[in-house]
Amino acid sequence: MPVFPSTEWFQEAADRLNASDSFERLGSCDAEVGVRVGDRCFAITFDAFAITDVAEVPCDAPGDLDFILLQSPDQWRAMLENIKTNGAADALYTLNSLDLQHSDGLATGEDYTRRDLFYRFNQTFQEYFDMSAEMDTTYA
């Protein structure tokens, strides 16, 4: 049972997305996505038709990420519990609706062109997190 947040949790979600038909239905996705949960940061590499890498990275030097999804641990947990309960995020807990609820947005980044990948490939990122509905998650 993977613990959220952890490299193992993000990798299991990646393995599930890679085994699904999501990329076939939604098309390719090229993005270096950061996820920040409290004082821990993770990088997820979407490369064409697969997630090819998941790694924990230092939050003060996260590398060359296109954008970072930033929520508090409690907000992440609420989102993931909603996904687990409903089998997928309901209207209040999609990445898009959460982005609209945050005053600075859920997806943060210095370069707007790169941050725009969040909107371009939003449904692929949503399916990635929706894969957690099939996972037994515990929380740190």
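In what follows, every heavy atom counts, from backbone to side chain, and hydrogens, waters and symmetry copies are set aside.
With a 4.5 Å cut-off on side-chain heavy atoms, Leu69 and Arg36 do not count as touching. Side-chain contact between Thr108 and His102 is absent, with no heavy atoms from C-beta onward closer than 4.5 Å. Residues Phe23 and Ile51 have side chains in contact (heavy-atom distance under 4.5 Å, counting atoms from C-beta outward).
Val35 and Leu70 are not part of a single hydrophobic cluster, where members link through side-chain heavy atoms under 4.5 Å apart. Both Ile44 and Phe121 are members of a single hydrophobic cluster when ILVMFWY side chains are connected at heavy-atom separations under 4.5 Å. Cluster membership for Val33 and Phe49, using ILVMFWY side-chain heavy atoms within less than 4.5 angstrom, is shared. No path of Ile, Leu, Val, Met, Phe, Trp and Tyr side chains, each step under 4.5 Å between heavy atoms, connects Ile68 with Leu80, placing them in separate hydrophobic clusters.
Of all the heavy atoms in Ala50 and Asn18, the pair that sits closest is CA-OD1, 3.3 Å. Here the shortest heavy-atom pairing between Cys41 and Glu56 reads O-CG, 3.3 Å. Heavy atoms only, all atoms of each residue included: Cys59 and Asp39 are closest at SG-O, 3.5 Å. The two atoms that bring Arg115 and Ala107 nearest to each other are CD-O, 3.2 Å, heavy atoms only. For Ala133 against Gly87, the heavy-atom pair with the smallest separation is CB-O, 3.5 Å. Between Leu117 and Phe125 the shortest heavy-atom distance is O-CE1, 3.5 Å.
Although no hydrogens or angles enter the test, the distance criterion places a donor-acceptor pair under 3.5 Å between the side chain of Asp66 and the main chain of Glu32. In this structure, Ser28 contributes its side chain and Ala48 its backbone to no donor-acceptor pair below 3.5 Å. Remark: side-chain polar atoms of Asp136 are not paired, donor with acceptor, to backbone N or O of Pro2 under 3.5 angstrom. Listed for the Arg40 side chain is a donor-acceptor partner under 3.5 Å among the backbone atoms of Pro5. Side chain of Ser132 to backbone of Met135: no donor-acceptor contact under 3.5 angstrom is found. A distance-only check finds no donor-acceptor pair linking the side chain of Thr94 to the backbone of Ala89 [under 3.5 Å]. Side chain of Tyr128 to backbone of Phe10: a donor-acceptor contact under 3.5 angstrom is found. Looking at Asp99, its side chain never comes within 3.5 Å of a backbone N or O of Gly105 through a donor-acceptor pair. Looking only at distances, no side-chain donor or acceptor of Arg114 sits under 3.5 Å from a matching main-chain atom of Asp116. Panel note: side chain Gln101, backbone Leu92; a donor-acceptor pair is recorded below 3.5 Å.
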CA sep, side-chain torsions, deciding dist, call: Val3, Glu8, side chain to side chain contact (heavy atoms under 4.5 Å, CB included): CA-CA 7 Å; Val3 175; Glu8 293 76 22; over 6 Å; no
For the pair Gln75 and Leu98, evaluate side chain to side chain contact (heavy atoms under 4.5 Å, CB included) and give the outcome as yes or no after the intermediate values. CA-CA 9 Å; Gln75 291 169 320; Leu98 292 171; over 6 Å; no
Before you tell me yes or no, could you show the steps for Gln126 and Asn122 under side-chain hydrogen bond (donor to acceptor under 3.5 Å, both in side chains), namely the whole-Å CA-CA distance, both residues' side-chain angles and the distance that decides it to 0.1 Å? CA-CA 6 Å; Gln126 185 64 59; Asn122 185 274; 5.9 Å; no
Give the C-alpha distance, both sets of side-chain angles, the deciding distance and a yes or no for side-chain hydrogen bond (donor to acceptor under 3.5 Å, both in side chains) between Thr124 and Glu127. CA-CA 5 Å; Thr124 299; Glu127 290 217 15; over 6 Å; no
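Arg16 and Asp130 are not joined by a salt bridge, as no carboxylate oxygen comes within less than 4.0 angstrom of a charged side-chain nitrogen.
Among residues two or more places apart in sequence or in another chain, the ring-ring contact (aromatic ring centres under 6.0 Å, His included) test is passed with Phe129 by Trp76.
Thr137 OG1 to Met1 CE: the interatomic distance, rounded to the nearest 0.5 Å, is 8.5 Å.
By the 6.0 Å contact criterion, CG on Asp104 is open, its count of non-hydrogen atoms from other residues, nucleotides or ligands being 12 or less.
For the ring-ring contact (aromatic ring centres under 6.0 Å, His included) criterion with Trp9, the lone passing option out of Tyr139, Phe42, Phe4 is Phe4.
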